Amino acid sequence: MNYFPLFADLNNRPVLVVGGGAVAARKVSLLLKANAEVRIVAQKLNAELTALLQQQRIIWLGKTFHADQVRSVFFVIAATDDEQLNHRVFVVAESQQKLVNVVDDQDHCSFIFPSIIDRSPIQVAISSGGAAPVLARLLREKLEALLPQHLGAMAEISGKWRHKVKSKLKTITERRRFWESLFNGRFAQLLKNRQIEQAKQELELQLKADYQGGSVALVGAGPGDAGLLTLKGLQEIQQADIVLYDALVSEEILGLVRRDAELVFVGKRAQGQQVAQEDTNSLLVQYAQQGKRVVRLKGGDPFVFGRGGEELEVLAENQIPFSVVPGITAAIGATAYAGIPLTHRDYAQSAVFVTGHRKADASDIEWQTLARSNQTLVIYMGTLKAKDIADRLQQYGRAAETPIAVISQGTQDTQKTQIGTLAQLAEIAENAPTPALIVVGEVVALHHKLAWFGEDKLAQKPPHFTLDSLRVA
């Protein structure tokens, strides 16, 4: 161990910074977050430090460094572009047995600054001992993604309750189990939702009655590419006890779920396994009432043709805490990967999302609205009814030569985009791999110019679209 890690209490302690430029300002910013008394020696102060001086948040000792400025401070930082001055600061600090850091000069540092993850009062410091600072920053980025923002509030509240918990639970084992259960249960879920008072009430309830309640997180998995899963979605699936997932959730995303979590398939496959929505609703309630952290993992976004609202209504009726993590819906993800912008000043000023799978008969659809030109129409689950959709759109005014795309398995390595005209939609959709998305509109003509992901666009001969003829007048 080349460096001994420790956390120093700088509250109202004097720290000397030699330098007045951007590098010094960065160090001062960190010191002020720790409530240090910052003293500066510099020929001149940059704009940021000048503003801090005017706010009386720092002390400017003068323009010239003197050895006696070191005697009364906790430690010293040298951050100038003058190597001789930096070296002199180091020698003086060492002679007075003060910790010193010369920025970007490891040989003249008795301490170094780590990469910091701040979830105050929880803090994580990462250091490579100066050997690989870029690697340390990459590790910090990964940990930032895994550590939720509410950790600080969790630690702060639990710290205030430590004595009460200790007075009721007499053994270390009892207290450890209580806190583990609390941090993994409903209390944590309420804090994620920024429901601070309810979280405090939950803590008190669990301490009094040994009650253990569960919660549900409704998480959008995105269209398939695991890289499109949000950071908050990743946190949820890595903390879950049980994950109820749909058929459209990719194997790569399922591979990110915590290894000891239980996976339960509740999706629907065409002409295959079917799980009734009512059964899914019952499972969510059942698992939450058992005290489990439940994730309902849905392809795309849970509120876009995902029945997320129906499931939350059931949870609300049973007074089960829940939260929602949005996901990238297929209409946004798949079209972006196919190089098809949903809107474009020259071709489309609006986008409409509809589903081809409906409870009611399609006769109640406002086809005249959907058939407008210079509008992008995106149809989910529409391949089985592609002929009827094409006929209706043409019947209500959409031109037969309107560009269309059928995007199969969007954002995944197997993505396939087939381009044609509205008159050809039924023929193209008939053999398209599923899941597939239908896009109707002038913007589709941009695919062969903007496609960038995976597919060999040169292998497809583009239809004879004339972009100028499709522009909005």
Side-chain angles (χ1 to χ4, degrees), residues 138-148 216-270 272-273 275 280 283-284 292-308 311 323-340 378 380-381 383 405-418 432-437 439 451-457:
L138 289 174
L139 288 174
R140 175 194 167 190
E141 290 173 10
K142 292 181 182 297
L143 290 174
E144 283 276 11
L146 297 175
L147 300 177
V216 177
L218 185 61
V219 177
D225 184 347
L228 297 180
L229 181 69
T230 65
L231 294 180
K232 195 166 186 180
L234 177 63
Q235 291 169 359
E236 292 288 359
I237 65 175
Q238 291 189 338
Q239 294 171 5
D241 297 314
I242 187 163
V243 175
L244 281 67
Y245 68 98
D246 284 343
L248 295 180
V249 178
S250 69
E251 290 295 328
E252 292 127 321
I253 290 176
L254 290 177
L256 297 174
V257 175
R258 197 177 78 184
R259 290 187 178 181
D260 57 345
E262 183 180 354
L263 291 172
V264 178
F265 176 75
V266 291
K268 300 171 178 63
R269 302 185 192 274
Q273 183 178 355
V275 178
T280 299
L283 287 174
L284 291 173
K292 295 182 183 295
R293 294 168 297 168
V294 183
V295 164
R296 177 68 175 97
L297 190 60
K298 291 175 171 288
D301 180 272
F303 280 0
V304 180
F305 308 124
R307 298 188 181 179
E311 294 174 356
S323 62
V324 180
V325 180
I328 296 177
T329 188
I332 294 174
T335 55
Y337 275 48
I340 300 173
V378 182
Y380 291 69
M381 299 170 283
T383 55
V406 178
I407 308 172
S408 299
Q409 300 168 357
T411 77
Q412 301 182 60
D413 292 340
T414 53
Q415 175 175 308
K416 181 179 182 181
T417 303
Q418 300 181 73
T434 57
L437 195 74
V439 185
W452 59 273
F453 174 74
E455 302 165 292
D456 183 4
K457 62 181 181 178

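Owing to the predicted nature of the structure, the values given are computational and were not obtained by experimental measurement.
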Output for pair (L248 CG, I253 CD1), nearest 0.5 Å, gives 10.5 Å
Could you tell me which non-hydrogen atom of A331 sits nearest to which non-hydrogen atom of V378, and how far apart they are?
CB-CG1, 3.6 Å
Minimum heavy-atom distance between P223 and L228, given as atom pair plus value
CG-CD1, 3.9 Å
Euclidean distance, I340 CD1 relative to T417 OG1, rounded to 0.5 Å
6.0 Å
Using side-chain heavy atoms (C-beta onward) and a distance below 4.5 Å, is I237 in contact with L229?
yes
Derivation of the side chain to side chain contact (heavy atoms under 4.5 Å, CB included) call for E144 and L231
CA-CA 9 Å; E144 283 276 11; L231 294 180; over 6 Å; no
Give the C-alpha distance, both sets of side-chain angles, the deciding distance and a yes or no for side chain to side chain contact (heavy atoms under 4.5 Å, CB included) between R296 and D246.
CA-CA 9 Å; R296 177 68 175 97; D246 284 343; 2.9 Å; yes
Compare all side-chain heavy atoms of E236 with those of S323 and state whether any distance is below 4.5 angstrom.
yes
For G299 and A221 the tightest heavy-atom approach is CA-CB, 4.4 Å
Say whether, by atom type as modelled, one donor and one acceptor occur between the side chain of T411 and the main chain of D225 under 3.5 angstrom.
yes
Spacing of L138 atom CG and R140 atom CZ [to the nearest 0.5 Å]:
11.5 Å
Over all heavy atoms of both residues, which pair between G220 and P302 is shortest? Give the atoms and the distance, please.
CA-CD, 3.5 Å
If you apply the rule side chain to side chain contact (heavy atoms under 4.5 Å, CB included), what do you find for L297 with L254, and how did you get there?
CA-CA 9 Å; L297 190 60; L254 290 177; 4.3 Å; yes
Would you say P326 and T230 make side-chain contact, with heavy atoms under 4.5 Å?
no
Testing the basics here: between E252 and A226, what is the closest heavy-atom pair and its distance to 0.1 Å?
CB-CB, 3.9 Å
dist T434:OG1 -> Q409:CD (nearest 0.5 Å) comes out at 7.0 Å
Side chain to side chain contact (heavy atoms under 4.5 Å, CB included), that's the test. Do R258 and D241 meet it? Break it down for me.
CA-CA 8 Å; R258 197 177 78 184; D241 297 314; 3.3 Å; yes
Can you tell if the side chain of Y380 reaches within under 4.5 Å of the side chain of T329, non-hydrogen atoms only?
yes
Please round to the nearest 0.5 Å and tell me the distance separating atom NZ of K298 and atom CZ of F305.
13.5 Å
So how far is it from R307 CZ to E311 CD, rounded to the nearest 0.5 Å?
9.0 Å
In short, G224 meets S250 closest at the heavy-atom pair O-OG, 2.8 Å
